[in-house]
Amino acid sequence: MRYWLLKSEPAEFSIDDLALAPRHATAWFGVRNYQARNFMRDEMQVGDQAFFYHSSCTIPGIVGIVEISQSAYPDATQFDRNSKYFDPKATRARPRWFNVEVKLTKKTRLISLSELRAQNSLSKMRLLARGNRLSITPVTAAEWKFILQLMKKPEGAL
DNA sequence: GCCAACGTTGGC
DNA sequence: GCCAACGTTGGC
């Protein structure tokens with residue numbers, strides 16, 4: 001069982017959108033980065049846990065917990081000419097992009113990026129690494145545990 | 001809107 | 001395979 005962090009722009013798809021989705025589940029489609037794809041295709045397993053992170057918004061940060069509910073299969077939007085995720089180089093025989101499915105476990109209080117950065121225990125977290133832009137990053141068991149504890153504390157002044 | 005950092009593309 | 005040019009991400 002592994003831990004992850006999944007970024008989404010709330011203007012595109014927010015934690016509330018997930019809460020409103022049928023079965024509180026969705027395909028994590030639209031990932032067009034090879035490293036992130038490889039994490040989904042090669043490493044994610046049903047039952048893995050992930051933080052849901054809001055990016056490119058007023059206060060970026062972790063807003064919930066999800067579980068991987070289905071392992072990777074070809075992302076349908078790569079074949080859809082009307083989708084902004086259409087990839088002319090992808091074919092059904094040789095799909096290029098994959099997605100897992102995630103299911104909402106719970107919404108949490110907002111753990112902002114600045115609050116995460118203020119934690120010495122998280123100084124090595126991949127999300128916080130200089131120049132990191134990956135939309136899917138691994139989270140260590142220690143980091144996961146620490147952030148779960150953080151969530152129990154009241155929302156800080158940061 | 002700016003811009004640092006990183007990823008991708010394509011000519012050679 | 002190199003690398004310049006270009007595109008994207010995402011915090012600020």
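As the structure is a computational prediction, the values presented were derived from the model and not from experiment.
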Does dG10(C) have OP1 or OP2 sitting under 4.0 Å from an N or O in the side chain of Lys7(A)?
yes

Result block: side-chain N/O donor-acceptor pairs under 3.5 angstrom for residues 123-139 of chain A, not counting sequence neighbours:
unit_1, atom_1, unit_2, atom_2, d
Ser123(A), OG, Asn120(A), O, 3.1
Asn132(A), OD1, Leu134(A), N, 3.2
Asn132(A), ND2, Leu127(A), O, 3.4

Which value, rounded to the nearest 0.5 Å, describes the distance between Met40(A) atom CE and Leu6(A) atom CG?
8.5 Å

May I ask you to say whether Arg37(A) pairs ionically with Asp75(A), meaning some side-chain N is under 4.0 Å from a carboxylate O?
no

With Trp4(A) as partner, the option from Trp28(A), Phe39(A), Trp144(A) fulfilling ring pair (Phe, Tyr, Trp, His ring centres under 6.0 Å) is Phe39(A)

How many angstroms lie between atom CD of Gln78(A) and atom OG of Ser83(A), to the nearest 0.5 angstrom?
10.0 Å

Contacting residues from residues 53-63 of chain A, given that a heavy atom lies under 4.0 angstrom of DNA chain C:
Tyr53(A), Ser55(A), Ser56(A), Pro60(A)

Sorted by chain and number, sequence neighbours left out, salt bridge (Lys or Arg N to Asp or Glu O under 4.0 Å) with Lys152(A) holds for none

Electrostatic pair Glu115(A)-Lys153(A), nearest N-O below 4.0 angstrom
no

Salt-bridge test for Arg2(A) and Asp48(A): reply yes if a basic N is under 4.0 Å from a carboxylate O, no otherwise.
no

Determine, step by step, whether Trp97(A) and Phe79(A) satisfy the ring-ring contact (aromatic ring centres under 6.0 Å, His included) criterion, reporting the C-alpha distance in whole Å, the side-chain angles of both residues, the deciding distance to 0.1 Å, and the verdict.
CA-CA 10 Å; Trp97(A) 307 110; Phe79(A) 309 122; over 10 Å; no

Interatomic distance where CD belongs to Glu115(A) and P belongs to dG11(C) [whole Å]
16 Å

Between the two end axes of the helix from dG1(B)-dC12(C) to dC12(B)-dG1(C), each built from 5 base pairs, what angle do you get to the nearest 10°?
10°

Tell me, for nucleotides 1-6 of chain C in 5' to 3' order, what letter each nucleotide earns: B for a base near a protein heavy atom under 4.0 Å, S for only sugar-phosphate near one, - for neither?
------

Rounded to whole Å, the OH-P distance (Tyr34(A) to dT8(B)) equals 7 Å

Neighbours of DNA chain B within residues 127-136 of chain A, by heavy-atom distance under 4.0 Å:
Arg130(A), Gly131(A), Arg133(A)

Phe146(A) meets the ring pair (Phe, Tyr, Trp, His ring centres under 6.0 Å) criterion, sequence neighbours left out, with none

Any donor and acceptor pair, going by atom type alone, linking the side chain of Asp80(A) with main-chain N or O of Thr77(A) inside 3.5 Å?
no

If the condition is salt bridge (Lys or Arg N to Asp or Glu O under 4.0 Å), which residues does Glu9(A) pass it with, not counting sequence neighbours?
none

Tell me every residue that passes side chain to side chain contact (heavy atoms under 4.5 Å, CB included) with Ala27(A), counting only those two or more places apart in sequence or in another chain.
Phe29(A), Tyr73(A), Asn99(A), Glu101(A)

Residues 50-66 of chain A, side-chain donor-acceptor partners within the protein, below 3.5 Å, at least two apart:
unit_1, atom_1, unit_2, atom_2, d
His54(A), NE2, Ile15(A), N, 3.1

Rounded to the Å, how far apart are Asn33(A) CG and dT8(C) C1'?
10 Å

Ring pair (Phe, Tyr, Trp, His ring centres under 6.0 Å) partners for Phe86(A), two or more places apart
none

Expected list for residues 81-96 of chain A near DNA chain B, using heavy atoms below 4.0 Å, is none

